Every structure is written in structure tokens, then in C-alpha cells.
> 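One structure coming up, written as C-alpha cells, with questions to follow.
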Amino acid sequence: MKRKFDARWVLHLLLGLGGLIMIVPFVWMILTSLKSRADIAAYPPQLLPTEWVWSNYQAALDYAPFGTYFRNSLLIAIGHTAINLMLATMAGYALARVPFRGRTVVFMAILAMMMIPTYTKIVPQYLIAKGMPFFGGNDYLGRGGYGWLDSWWVLIIPGALTPFAIFLFRQFYLSLPRELEEAARIDGMGEFGIFARVMTPLVKPAIATVALVTFENSWNNFLWPLLVTTRDDLRVIQVGLAAFQLAERTEWSYLMAGSTLATVPMIVLFLFAQRYFVQGFATAGIK
């Protein structure tokens with residue numbers, strides 16, 4: 001009994017040290033956002049500022065149109081999350097509960113898509129978006145204009161549906177007892193009713209997990225919005241942070257203040273959804 005207690009104590013100590021190491025960069029970011037230029041340039045570096053400059057946050061908001069960047073990131077993240085939840089739940093349910101020819105092949109293709117690195121798809125996605133027919137001055141062959149570039153379409157549609165979400169929902173739907181849908185069919189319920197009213201309410205951990213992961217990935221996306229937009233009113237918050245990195249110097253206090261403001265929504269979202277998030281990954285791992 002004593003040996004078991006000692007083992008748990010060591011485990012908790014290691015986890016605490018790991019958590020402390022992961023928290024240090026966030027603490028440094030917040031403290032740097034409250035420093036003056038003299039404190040940031042001081043050598044050796046000091047943890048606490050000698051002067052707490054709370055006005056850095058207001059100056060950062062005035063330096064660039066962060067309200068527009070924040071709004072754009074929020075709309076894109078919500079759009080990605082809603083589309084991914086709607087389509088991935090239906091695809092996962094079909095792969096798990098609806099027998100059709102080629103179902104295994106489709107599932108294998110989805111698994112293969114999960115193995116393709118994200119950055120290898122950037123150029124093909126860009127060319128597809130640029131050659132979208134009947135958009136941005138393009139003809140029916142996708143020539144003559146710029147397609148979806150510099151529009152909301154290119155920010156929301158590509159990447160809205162992820163193979164990971166389909167895989168996770170399939171695993172959860174497979175775990176549900178078949179007696180539930182059989183009882184619903186006996187009561188005269190159709191396939192979509194079984195999906196929407198019987199099965200989907202039972203996979204809340206998967207819904208919370210996919211929603212949190214999708215929102216986080218969309219909120220932190222930098223490269224794709226940078227490549228496909230040039231208009232300032234379409235910039236997202238991660239791209240907007242680059243405004244503080246000038247050729248002459250980097251406004252570190254403003255950059256850290258903006259980064260703090262960009263990080264807070266994700267921290268709050270995770271605190272509210274962490275129970276379902278952890279449960280979702282733990283349950284998916286034993287399916």
C-alpha cells in the first residue's frame with residue numbers, strides 16, 4: 001500500500017513539473033506584454049517588469065485593426081466548426097451504421113487522407129481555389145480571374161471538413177448498441193431521425209472534442225489565410241500579429257499583448273470543454 005502511494009506521488013510530481021514547464025512560456029508572454037521597451041531590452045533578462053505598462057494592450061489594439069482581425073478569426077472558426085460537425089457526424093454515422101457497397105474502401109481512403117501532411121496540400125488547394133469556375137472573373141474553365149482568392153469562400157470552405165472528425169465520429173457510432181436503432185425503426189422512425197434524435201445525442205464527448213480541435217486549428221491557422229488574402233479587411237488575428245514585426249524593429253510588447261489577446265479565447269474554451277475533450281480522446285483510444 002505504501003509503495004503504491006509513493007508511485008502516485010512520483011507520478012504527480014512529474015506531471016506537475018511537466019505542467020509547470022508548459023506554463024512558463026505563457027507566463028513569460030503575459031509579463032513581457034506588460035513591460036516597457038527598456039525592460040525588454042535589459043540584459044540580463046528579468047522576469048518581472050520594473051514598470052507595469054498596462055497601456056500596451058490599448059496601444060496594440062490601436063496599432064492595427066485588431067477588432068476586424070478578431071471578428072474574422074471568430075467567424076471563420078465558427079464556420080469551420082459548424083460545417084465540420086454537421087458533415088462529419090453524417091459521414092461518420094453512414095460509415096458506422098449504414099451498410100453500402102464500398103464502405104470499407106471509403107473508410108480506408110479517409111484514413112489515408114489523415115496521413116497526408118497538411119503543408120503538402122497547400123499548393124493544390126491554392127490552385128483549385130484560384131481556378132474555381134464562375135468566381136472572381138473566371139470563365140467556366142476557371143481561367144481569366146482569381147477565383148475564390150480574396151474572398152470569404154477561400155477562408156471557410158477549404159479545410160472545413162476534416163478526416164479526423166469523420167474517423168472519430170465513426171468510432172463513437174460503432175460503440176453504440178444496435179438495439180437502439182432497431183427499437184427506433186420498430187417505432188417507425190426513419191434513418192435520418194435515428195441519426196439525429198437517437199444516436200447523435202449519445203456522442204456528446206466526440207462532438208465536444210471535434211468542436212474544440214476544429215475551432216483551435218482554425219483560430220491558429222496562419223499560412224493559408226496569409227497566402228490567399230491580400231485585403232486587410234479579410235486578415236485574421238494570427239496574420240495581424242505580423243504587423244508588429246517591422247523591418248526596422250519588432251514591437252515586442254505590442255506583439256506579446258496581441259498574442260495574449262489571441263490566446264485567451266482558446267484557454268477559456270478549453271476550460272469549459274475540457275471534461276468532454278479528455279473523455280472524447282480517452283474513449284476513442286479504446287474503441
Side-chain angles (χ1 to χ4, degrees), residues 73-100 102-122 124-125 128-129 152-176 180-181 191-225 228 236 238 265-266 268-287:
S73 292
L74 186 62
L75 291 177
I76 295 168
I78 291 175
H80 279 169
T81 303
I83 294 173
N84 204 17
L85 288 178
M86 180 178 64
L87 298 181
T89 50
M90 291 189 287
Y93 177 83
L95 290 172
R97 317 298 295 204
V98 180
F100 60 90
R103 181 172 64 172
T104 303
V105 176
V106 173
F107 180 60
M108 291 297 106
I110 291 173
L111 291 181
M113 291 170 61
M114 294 176 61
M115 303 175 191
I116 301 175
T118 301
Y119 294 104
T120 62
K121 301 180 291 184
I122 291 292
Q125 283 183 343
I128 291 172
W152 285 101
W153 295 101
V154 76
L155 292 172
I156 295 179
I157 300 302
L161 179 63
T162 60
F164 164 76
I166 298 175
F167 168 77
L168 188 66
F169 280 120
R170 175 188 179 271
Q171 298 305 101
F172 268 84
Y173 283 122
L174 279 176
S175 68
L176 300 179
L180 291 174
E181 58 181 298
E191 195 68 51
F192 188 81
I194 296 173
F195 156 73
R197 298 172 59 186
V198 177
M199 296 299 193
T200 301
L202 299 177
V203 295
K204 290 180 181 178
I207 293 175
T209 302
V210 171
L212 186 60
V213 171
T214 304
F215 193 96
E216 186 268 339
N217 289 337
S218 179
W219 182 267
N220 292 327
N221 194 6
F222 171 78
L223 182 59
W224 180 251
V228 299
V236 297
Q238 303 302 334
M266 288 310 310
V268 173
L269 183 62
F270 181 79
L271 290 176
F272 278 102
Q274 62 176 328
R275 180 168 65 92
Y276 290 110
F277 179 74
V278 174
Q279 183 182 353
F281 271 110
T283 307
I286 62 177
K287 294 265 188 300

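Only a predicted model underlies this, so the values are computations on that prediction, with no experimental measurement involved.
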> Nearest 0.5 Å, what's the NE2-CD1 distance between H80 and I83?
6.5 Å

> Rounded to the nearest 0.5 Å, how far apart are CD1 of I166 and CD1 of I110?
4.0 Å

> Answer yes or no: is there a donor N or O on one side and an acceptor on the other, between the side chain of N221 and the main chain of N217, under 3.5 Å?
no

> Would M113 and F167 count as a side chain to side chain contact (heavy atoms under 4.5 Å, CB included) here? Give the steps.
CA-CA 11 Å; M113 291 170 61; F167 168 77; over 6 Å; no

> Please check if the number of heavy atoms outside R197 that lie under 6.0 Å from its CZ is greater than 12.
no

> Which residue pairs pass the salt bridge (Lys or Arg N to Asp or Glu O under 4.0 Å) test when at least one of the two sits in residues 86-98, sequence neighbours left out?
R97-E181

> How long is the span from the CD1 atom in I194 to the CG atom in L180, to the nearest 0.5 Å?
10.0 Å

> Could you tell me which non-hydrogen atom of V236 sits nearest to which non-hydrogen atom of S73, and how far apart they are?
CB-OG, 3.3 Å

> Side chain to side chain contact (heavy atoms under 4.5 Å, CB included) for E216 and N220? Distances and angles first, verdict last.
CA-CA 6 Å; E216 186 268 339; N220 292 327; 2.8 Å; yes

> Looking at N84 and T162, would you say the former's side chain and the latter's main chain have a donor-acceptor pair under 3.5 Å?
yes

> Between T209 (side chain) and P205 (backbone), is there a donor-acceptor pair under 3.5 Å?
yes

> Quick check: closest heavy atoms across A88 and A165, and the distance to 0.1 Å?
CB-CB, 3.6 Å

> Find the distance between CZ (F215) and CD1 (I76) and round it off to the nearest 0.5 Å.
11.0 Å

> Do I207 and T200 come within less than 4.5 Å of each other through their side chains, counting heavy atoms only?
yes

> Would the distance check show the side chain of W153 and the main-chain N or O of A129 forming a donor-acceptor pair, the cut-off being under 3.5 Å?
no

> Look at the aromatic rings of F192 and F195 and report parallel, tilted or perpendicular, splitting at 30° and 60°.
tilted

> Going by heavy atoms in the side chains, are L95 and Y173 under 4.5 Å from each other?
no

> Start with the C-alpha gap between L75 and W152, add the side-chain angles, then the distance that decides, and say whether side chain to side chain contact (heavy atoms under 4.5 Å, CB included) holds.
CA-CA 10 Å; L75 291 177; W152 285 101; 4.1 Å; yes

> Can you name the closest pair of heavy atoms from R103 and A96 and give their distance?
NH1-O, 3.8 Å

> Between L85 and T214, is the side chain to side chain contact (heavy atoms under 4.5 Å, CB included) condition met? List the steps.
CA-CA 9 Å; L85 288 178; T214 304; over 6 Å; no

> Looking only at heavy atoms, what is the nearest atom pair of A77 and W219, with distance?
CB-N, 4.4 Å

> Any side chain to side chain donor-acceptor pair (under 3.5 Å) pairs touching residues 108-122, not counting sequence neighbours?
none

> Which pair of non-hydrogen atoms, one from Y93 and one from E191, has the smallest distance, and what is that distance?
OH-OE2, 2.5 Å

> Just how far is it from atom CZ of R170 to atom CZ of F107, taken to the nearest 0.5 Å?
3.5 Å

